[in-house]
2 protein chains.
Amino acid sequence: MSEHTEQRCENCIVRRLNTLKALTKEELKNISDSKETKTVKKGDPIFNEGDRLNGVFCVREGVSKLSKMSDNGKDQIVKLAKRGELLGQRSVITEQSTNLSAVALSDMTVCYIPKSHLKDNISNNIKFTNAILQQMANELKFADDVIVNMAQKNVKQRIAETLQYLEHTFGKDEEGYIKMILTREDIANVVGTAKEACIRQLTKFKKAGWISTDGKRIKIVDHKALYNTIEGFE
Amino acid sequence: MSEHTEQRCENCIVRRLNTLKALTKEELKNISDSKETKTVKKGDPIFNEGDRLNGVFCVREGVSKLSKMSDNGKDQIVKLAKRGELLGQRSVITEQSTNLSAVALSDMTVCYIPKSHLKDNISNNIKFTNAILQQMANELKFADDVIVNMAQKNVKQRIAETLQYLEHTFGKDEEGYIKMILTREDIANVVGTAKEACIRQLTKFKKAGWISTDGKRIKIVDHKALYNTIEGFE
DNA sequence: AATTCTAACTGACAAATGTCATCGTTTTTA
DNA sequence: TAAAAACGATGACATTTGTCAGTTAGAATT
């Protein structure tokens, strides 16, 4: 009895947040027996573009960026994954090597679940398969929106939108600062622009009184102004 | 016996190209009995952004663009769907209204399949559900690539890539012209730029001898040069 | 065949963005 | 704690892209 009960998947709160919630207690027990909990330090990779994954990583604590190196040497961040999200799900489904890298943006705890156990459940538990289907359909819709934004919005709008997204996704601390600290370069890599352009735009927002900063920390002061910018109401 | 046999799903060649191939002959017969074949004229909509879809459209002949209107009034084309592709699959899965519009780029024949029949199969036939899962996982991967390209590549590179994509996807006629004719504006809407910028870039490619044109028709002459441009080898 | 309409194309200019260089500050590491 | 590395910030400038205005060519309609 060396494991605490909360280290068992069937008791893990995180599971409620992802597709694993569609599994029965019995199935979760099987998965839990084969899973492996790992800690990952800020800045360390969880996996790299091109890796063949033999399982998925369930994020228990911390945040990871999923990014892809572009030909011009910039690292485009496609997604930020937090508590409850499963990394590598797609690669396991398609049996292809992953097209993204995952790097920890903070110290993390992740559970590694070997794919054999998932595969069994995908083949047998239609409820589980359906949950994954729902999730992927939603991700696909979200991806369409990102494509449209990338193509049609300018850097100013995309930065405003990213700030709004970060606050919405990660919340605020007691002082109102966004509870997710990214470097300016990482923000630029989400937005798809140069870090200088990103810094300059943040400075403009600051001067306009729409945001305030303290070191890397950012606080949205005027939500409405940011919203209007995003929507293109100048 | 009013229908020709090729109008029955179970005999339709198109089915081999999409997830319906995972259905049994019996299931296909049921679907075929409830499907409705429609013709759509070039320029006509199949459905509009925000519509609630009560079924999917299987493209039997012709090409449709799937696009989304952006706030600045531009119509971003997210996907071109040809023979064999299913439109509206995601909306049916998530039960949400569609986030994209579908408009015919050529005269089309599409089969409308009411969702009730698909839903039944999704719940009961794990092979079918898995096929959809595979397909969505691949689409998601493709979407990631598009996001990275949109964010990191310039207009010149994206136009070059679009030409390559069009030739690869739709093939060439006897004279070597791409067998898919888009207006310059539609090309611009795939690339996510203004039509003037698109036209100018095509002119440059033409002057460099990398492509040649005849009216709207485009022929890639120097594949290698285009490829180098896409990859950023100047 | 004349007219109308749409799309292709071009020029001129403004605005947005990328690149390079530099410097002070903060964070990390030895 | 000192040194090194990473990061934030800003200026200067080149390049890319968007916008507006207008002309030409071809297709569709009458």
Side-chain angles (χ1 to χ4, degrees), chain A residues 41-44 65 70-76 103-107 149-163 177 181-207 211-219 229 232 234, chain B residues 41-43 70-76 103 105-107 149-160 162-163 177 181-207 211-219 229 232 234:
Chain A
K41 279 222 182 110
K42 178 177 173 177
D44 283 352
K65 64 175 172 182
S70 72
D71 308 310
N72 63 29
K74 274 183 195 156
D75 195 44
Q76 180 64 34
V103 173
L105 289 176
S106 58
D107 289 344
N149 284 340
M150 284 290 181
Q152 301 288 358
K153 294 195 167 162
N154 60 31
V155 169
K156 180 180 175 181
Q157 291 174 299
R158 302 207 305 272
I159 290 179
E161 184 148 45
T162 300
L163 294 178
Y177 289 98
I181 296 175
L182 291 174
T183 65
R184 307 296 191 222
E185 188 164 15
D186 273 339
I187 296 176
N189 287 342
V190 170
V191 169
T193 188
K195 73 168 180 295
E196 295 92 331
C198 177
I199 289 172
R200 268 185 254 270
Q201 195 55 61
L202 288 175
T203 304
K204 281 188 191 169
F205 286 157
K206 211 164 18 175
K207 284 185 179 154
I211 66 172
S212 69
T213 62
D214 169 40
K216 289 201 216 325
R217 298 196 303 158
I218 297 175
K219 168 160 62 178
T229 295
E234 301 290 326
Chain B
K41 278 220 181 116
K42 177 177 172 174
S70 70
D71 308 309
N72 63 30
K74 274 183 193 155
D75 195 45
Q76 180 65 35
V103 173
L105 290 176
S106 59
D107 289 343
N149 284 340
M150 283 291 180
Q152 302 288 358
K153 294 194 168 164
N154 60 31
V155 170
K156 179 179 175 182
Q157 290 174 300
R158 302 208 304 272
I159 291 179
T162 300
L163 295 177
Y177 289 98
I181 296 175
L182 292 175
T183 66
R184 304 296 193 231
E185 188 164 15
D186 273 339
I187 296 177
N189 287 342
V190 171
V191 168
T193 189
K195 71 169 182 294
E196 295 93 331
C198 177
I199 289 170
R200 268 185 254 271
Q201 194 56 61
L202 288 175
T203 305
K204 280 188 191 169
F205 286 156
K206 212 164 17 177
K207 282 184 180 156
I211 66 172
S212 69
T213 62
D214 170 40
K216 288 201 215 328
R217 298 196 303 158
I218 297 174
K219 168 160 61 177
T229 295
E234 299 290 321

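Just so you know, these numbers come straight off a predicted model, no measurement behind them. A note on names: the letters A, B, ... follow the listed sequences, proteins ahead of strands, and every chain is numbered from 1.
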(message) Take a 6.0 Å sphere around NZ of B:K206 and say whether it holds more than 12 heavy atoms from other residues, nucleotides or ligands.
(response) yes
In whole Å, what is the span from the [atom1] atom of [X] to the [atom2] atom of [N]?
X	N	atom1	atom2	answer
B:R184	D:dG26	CZ	P	13 Å
B:R217	D:dG26	CZ	C1'	15 Å
B:N189	D:dG18	CG	P	12 Å
B:D214	D:dA25	CG	P	16 Å
B:E185	C:dA8	CD	C1'	11 Å
B:K204	C:dA8	NZ	C1'	17 Å
A:I187	D:dA9	CD1	C1'	14 Å
A:I159	D:dG8	CD1	P	13 Å

Polar atoms only, N or O, under 3.5 Å: list the protein pairs with nucleotides 28-30 of chain D and their distances.
none

Taking atom [atom1] of [X] and atom [atom2] of [Y], what is their separation to the nearest 0.5 Å?
X	Y	atom1	atom2	answer
A:T183	A:K216	OG1	NZ	7.0 Å
A:I181	A:D186	CD1	CG	12.5 Å
B:I187	B:Q201	CD1	CD	12.0 Å

(request) Evaluate the salt bridge (charged side-chain N to carboxylate O under 4.0 Å, His left out) criterion for residues A:D214 and A:R217: first the C-alpha distance (whole Å), next the side-chain angles of each, then the deciding distance (0.1 Å), finally the verdict. (result) CA-CA 5 Å; A:D214 169 40; A:R217 298 196 303 158; 2.9 Å; yes
(message) Heavy-atom nearest nucleotide on DNA chain C for A:K42 versus B:K195: which residue maps closer to 5'?
(response) B:K195
(message) Is there a side-chain contact between B:K74 and B:T193 in this structure, where contact means two heavy atoms from C-beta onward sitting under 4.5 Å apart?
(response) no
(message) Less than 4.5 Å apart, side chain to side chain, heavy atoms only: is that true for A:I218 and A:L163?
(response) yes
(message) Side-chain N or O of A:T203 versus OP1/OP2 of D:dT10: is the shortest distance under 4.0 Å?
(response) yes
(message) Any side-chain to backbone donor/acceptor pair from B:D107 onto B:K42? Under 3.5 Å, distance only.
(response) yes
(message) Can a donor-acceptor pair be found, under 3.5 Å and without considering hydrogens, that links the side chain of A:R158 to the backbone of A:V191?
(response) yes
Quick test: give all pairs of protein nitrogen or oxygen and nucleotides 17-26 of chain C nitrogen or oxygen below 3.5 Å, distance rounded to 0.1 Å.
from   : atom 1 : to     : atom 2 : distance (Å)
C:dT17 : OP1    : A:V155 : N      : 2.9
C:dG18 : OP2    : A:T193 : OG1    : 2.4
C:dG18 : OP2    : A:A194 : N      : 3.3
C:dT19 : OP2    : A:K74  : NZ     : 3.4
C:dT19 : O4     : A:R200 : NH2    : 3.1
C:dC20 : N4     : A:E196 : OE2    : 3.2

